[in-house]
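Position 1 is the first residue of the sequence, and the numbers go up from there.
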Amino acid sequence: MLYNINSLLEDLKLSKGKLAAQVAHAAVSCALKTKKHHKKWLTKWVREGGKKVIVKTDDANDFIELKRKAAELNIESVIVTDAGHTEISPGTQTVLGIGPAPTNLIDQVTGSLTLL
């Protein structure tokens, strides 16, 4: 499973806890979607330890193109949009979760991105 973190998080001045919560939202949502549509992928991912990789993009606008690429490969994804109850404005897109899926597919979507 891969979490694409918008580099604007630094500009948004999210606390470490808020950042962790955003990634957790993406993880749960993606896992549930994958369980529904690709149960074998989820089972294999859990059995192998639930690998997670966190990368960054330059802009939240990158999320749309990455989500499109994931959809082309039939990989589940979710853009986390914050409700605005704590640290940031409602509607702020913070995280794109992708997968779980086979590594060779995930790499086709995010292999060129930098680790956070």
If the threshold is 4.0 Å, N to carboxylate O, is there a salt bridge linking Arg68 and Glu65?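 Answer for the salt bridge query: yes.
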What pairs of residues pass the salt bridge (Lys or Arg N to Asp or Glu O under 4.0 Å) test when at least one of them lies in residues 93-116, not counting sequence neighbours? none
Salt bridge (Lys or Arg N to Asp or Glu O under 4.0 Å) partners of residues 91-105, not counting sequence neighbours, each pair once: none
Excluding sequence neighbours, so at least two apart, what forms salt bridge (charged side-chain N to carboxylate O under 4.0 Å, His left out) with [X]?
| X | value |
| --- | --- |
| Glu87 | none |
| Lys18 | Asp82 |
| Lys44 | Glu48 |

Side-chain ([X]) to main-chain ([Y]) donor-acceptor, under 3.5 angstrom:
| X | Y | value |
| --- | --- | --- |
| Trp45 | Lys51 | yes |
| His37 | Asn74 | no |
| Thr110 | Ile106 | yes |

[X] to [Y] - nearest heavy-atom pair and separation:
| X | Y | answer |
| --- | --- | --- |
| Ile75 | Gly99 | CG2-N, 3.6 Å |
| Trp41 | Pro102 | CE2-CD, 3.4 Å |
| Thr34 | Pro100 | OG1-CD, 3.4 Å |
| Val109 | Leu66 | O-CD2, 3.3 Å |

Which atom pairs, donor and acceptor, lie under 3.5 Å between side-chain atoms of residues 24-33 and protein residues at least two apart or in another chain?
from: Ser29; atom 1: OG; to: His25; atom 2: O; distance (Å): 3.1
from: Lys33; atom 1: NZ; to: Ser77; atom 2: O; distance (Å): 2.7

Rounded at 0.5 Å granularity, tell me how far NZ in Lys67 sits from CD in Glu72. 12.5 Å
Are Val55 and Val78 connected in a single hydrophobic cluster, I mean Ile/Leu/Val/Met/Phe/Trp/Tyr linked by side-chain heavy atoms less than 4.5 Å apart? no
Could you list the residues that satisfy side chain to side chain contact (heavy atoms under 4.5 Å, CB included) with Ile64, not counting sequence neighbours?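 With sequence neighbours excluded, Ile64 shows a side chain to side chain contact (heavy atoms under 4.5 Å, CB included) to Ile79, given in chain and number order.
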Kindly determine whether Val80 and Phe63 satisfy side chain to side chain contact (heavy atoms under 4.5 Å, CB included), including the steps that lead there. CA-CA 10 Å; Val80 174; Phe63 289 176; over 6 Å; no
With sequence neighbours excluded, what pairs up with Gln108 under the side chain to side chain donor-acceptor pair (under 3.5 Å) test?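 Result, side chain to side chain donor-acceptor pair (under 3.5 Å) vs Gln108: none returned.
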Run through Asp62, Leu113, Leu115, Thr114 and flag the one making a side-chain contact (heavy atoms from CB on, under 4.5 Å) with Lys56.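 For Lys56, the side-chain contact (heavy atoms from CB on, under 4.5 Å) check succeeds only for Thr114.
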